[in-house]
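This report concerns only the one structure given below.
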Amino acid sequence: MIFSKTLTNWYSNNKRILPWRETTNPYYIWLSEIILQQTQVSQGLPYYDAFVAKYPTIFDLADANESEVLKLWQGLGYYSRARNLHTTAKYVADELKGVFPNTYKELLKLKGVGDYTASAIASICFNEAAAVVDGNVYRVLSRYFGIDTPINSSKGAKEFKQLAQELIDKKDPAEFNQAIMEFGAIQCKPKNPYCNICPLNEGCIAFNKNRINDLPVKIKSAKAKKKYFNFLVFISEDQKTILEKREGKGIWQNLYQFPLIEIEKNIDSKNFKKQIESDDLLKNTSFELSLYNKEPIVHKLSHQHLYTNFWIINVERLAVKGISIHKIHEYAVPILIGNFIESFNFD
DNA sequence: AAGTCGGGGGA
DNA sequence: TCCCCAGACTT
């Protein structure tokens with residue numbers, strides 16, 4: 001009770017002013033929560049504004065094409081969020097007449113909505129006492145109560161969820177949930193938290209036992225694997241190039257890229273030219289090949305490090321239909337491709 | 001239970 | 001470098 005009251009009191013004095021805090025409309029809350037998954041507020045905020053501006057209602061979002069949604073999402077990462085966002089928008093608009101489910105249990109059934117997001121929407125929009133447990137909550141609870149169960153274990157997930165559920169203020173769950181998250185983000189932050197001015201330091205086990213830097217405990221994940229990407233940037237005399245849609249599983253699903261040749265390890269110009277001469281896009285054509293980047297461009301994802309080359313290939317005409325170079329900006333591309341397009345300055 | 005899915009930023 | 005971020009989904 002003291003814990004909860006102290007948090008909400010801190011929150012009323014320290015909370016940031018954010019657009020999704022001015023509403024309880026489930027469409028906007030849902031949108032903000034999807035955008036903010038694994039994403040810092042400062043990174044997600046401009047995307048939230050852009051989505052609200054372009055799609056003021058869930059019907060507007062439902063009426064869009066997926067490609068259009070992905071384009072607006074470009075650069076934010078975890079693109080399955082955008083695909084699921086669109087799927088759920090169509091479902092709620094078409095099947096539920098635009099009315100969002102109003103309980104934790106029903107919200108959980110929506111694609112892209114897990115335990116955290118269902119709890120957030122249920123509490124903020126419908127005043128249901130469902131406790132949120134995000135990265136901030138794990139940190140605050142593990143420190144204050146001195147819990148060393150790994151937060152990314154199934155045991156930890158259960159334990160922290162139950163604890164948060166016991167602590168939540170049942171009279172104002174929305175305020176409590178947002179307070180504990182904001183407290184974790186601003187006050188009880190991962191590195192160099194402000195323990196000396198913390199209103200909870202007296203009862204904080206980690207602080208009193210000098211274990212702030214040991215908590216929360218997290219099981220380390222495997223190291224990223226190296227991959228070697230070679231993109232073929234075709235340029236024809238009639239100003240066309242080739243973009244392909246990424247299908248199937250794996251990263252960047254449904255985004256566009258230049259034709260990709262993935263190899264075992266890095267390669268020099270002469271060998272690469274020999275290797276691609278027999279490619280369907282190049283056989284029976286003469287072409288000029290040059291490597292755009294002197295050194296491989298390293299693009300780091302959570303589980304892969306991409307060592308990337310952009311090969312400029314000048315041809316008279318393309319072997320396939322291709323797209324006009326001046327329309328290249330209409331396609332949703334991974335930021336790795338986007339950065340290249342920008343620096344190459346096609347048009 | 002472990003892996004996969006992005007990109008940016010802090011120390 | 002390594003870690004973290006208003007996590008969810010697949011294997």
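Values reported hereafter were calculated over all heavy atoms of this structure, with side chains retained and with hydrogens, waters and symmetry mates removed. Convention: sequence-line order gives letters A, B, ...; per-chain numbering from 1.
- Contacts of A/Asn177 with the nucleic acid, taken as non-hydrogen atoms under 4.0 Å apart, are absent.
- Side-chain atoms of A/Tyr79 lie closest to B/dG7 of the nucleotides B/dG7, C/dC3, C/dA6.
- Spacing of P atoms, B/dA11 relative to C/dA6, comes out at 14 Å, to the nearest Å.
- Residues A/Pro190 and A/Gln38 each lie close to DNA chain C; by heavy-atom proximity, the contact nearer the 5' end of the strand is made by A/Pro190.
- With hydrogens and angles left out, the side-chain atoms of A/Arg317 and A/Thr285 include no donor and acceptor closer than 3.5 Å.
- Along DNA chain B, the nucleotide closest to A/Gln253 and the one closest to A/Ser42 are compared, and the more 5′ of them pairs with A/Gln253.
- For the pair A/Lys189 NZ and C/dC4 C1', the interatomic distance rounds to 12 Å; values are reported in whole Å.
- For C/dA8, one of the phosphate oxygens OP1 or OP2 lies less than 4.0 angstrom from a side-chain nitrogen or oxygen of A/Thr117.
- Side-chain proximity of A/Ser302 to the nucleotides B/dG6, C/dC5, B/dG10 is greatest for B/dG6.
- Atoms CD (A/Gln304) and P (B/dG3) sit 14 Å apart, rounded to a whole Å.
- Inter-residue side-chain proximity for A/Lys327 and A/Glu330 is flagged as met; some heavy-atom pair is nearer than 4.5 Å.
- For the pair A/Leu76 and A/Asn152, both in contact range of DNA chain B, the more 5′-proximal nearest nucleotide belongs to A/Asn152.
- Distance CG (A/Leu301) to C1' (B/dC5): 9 Å, rounded to an integer number of Å.
- Phosphate contact (OP1/OP2 of C/dG7, side-chain N/O of A/Gln37, threshold under 4.0 Å): absent.
- Between A/Trp252 and B/dG7 there is a side-chain polar atom (N or O) within less than 4.0 angstrom of OP1 or OP2.
- Taking the centre of each ring, A/Phe344 and A/Tyr292 come in below the 6.0 Å mark.
- If you check every strand for non-hydrogen atoms under 4.0 Å, A/Val137 touches nothing.
- Between the side chains of A/Gln37 and A/Thr117, at least one donor N or O lies within less than 3.5 Å of an accepting N or O.
- Across the protein-nucleic acid pair, A/His299 atom NE2 and B/dG9 atom P stand 13 Å apart, rounded to whole Å.
- Backbone-only engagement by A/Gly75 is indicated by non-hydrogen atom pairs under 4.0 Å involving sugar-phosphate atoms exclusively.
- Under the 4.5 Å side-chain criterion, counting only non-hydrogen atoms from C-beta, A/Ile205 is not in contact with A/Arg211.
- Taking only side-chain atoms of A/Ile251, from C-beta outward, the nucleotide of B/dC5, C/dG7, C/dA6 with the closest atom is B/dC5.
- Nucleic acid contact class of A/Trp20 (heavy atoms, under 4.0 Å, all strands): base.
- Spacing between atom CG of A/Asn254 and atom C1' of B/dC5 amounts to 14 Å, rounded to whole angstrom units.
- Not a single donor-acceptor contact under 3.5 angstrom links the side-chain atoms of A/Tyr116 to the base of C/dG7.
- Residue A/Tyr78 contributes atom OH, which lies 10 Å from atom P of B/dG7 at whole-angstrom precision.
- As judged by a 4.0 angstrom heavy-atom cut-off over every strand, A/Val132 is placed among residues making no nucleic acid contact.
- Using a 4.0 Å heavy-atom cutoff across all strands shown, A/Lys223 reaches no nucleic acid atom at all.
- Phosphate contact (OP1/OP2 of C/dC9, side-chain N/O of A/Arg83, threshold under 4.0 Å): absent.
- One finds no side-chain N or O of A/Lys249 lying less than 4.0 angstrom from the OP1 or OP2 phosphate oxygen of B/dC5.
- Taking for each of A/Leu36 and A/Leu108 the nucleotide of DNA chain C with the nearest heavy atom, the 5'-most of the two is the partner of A/Leu36.
- Between C/dC3 and B/dG6, the distance separating the two C1' atoms is 15 Å to the nearest Å.
- When both distances must be under 3.5 Å, the Watson-Crick or G-U wobble mate of C/dT10 is B/dA2.
- Between the NE2 atom in A/His326 and the OG atom in A/Ser324 there is a gap of 4.5 Å [rounded to 0.5 Å].
- No more than 12 heavy atoms of other residues, nucleotides or ligands sit less than 6.0 Å from atom CD1 of A/Ile2.
- Rounding to whole angstrom units, CZ of residue A/Arg21 and P of C/dA6 are separated by 11 Å.
- Using a 4.0 Å heavy-atom cutoff across all strands shown, A/Thr39 reaches at least one base atom of the nucleic acid.
- In this entry the distance linking CD of A/Gln40 with P of C/dC3 reads 16 Å, nearest Å.
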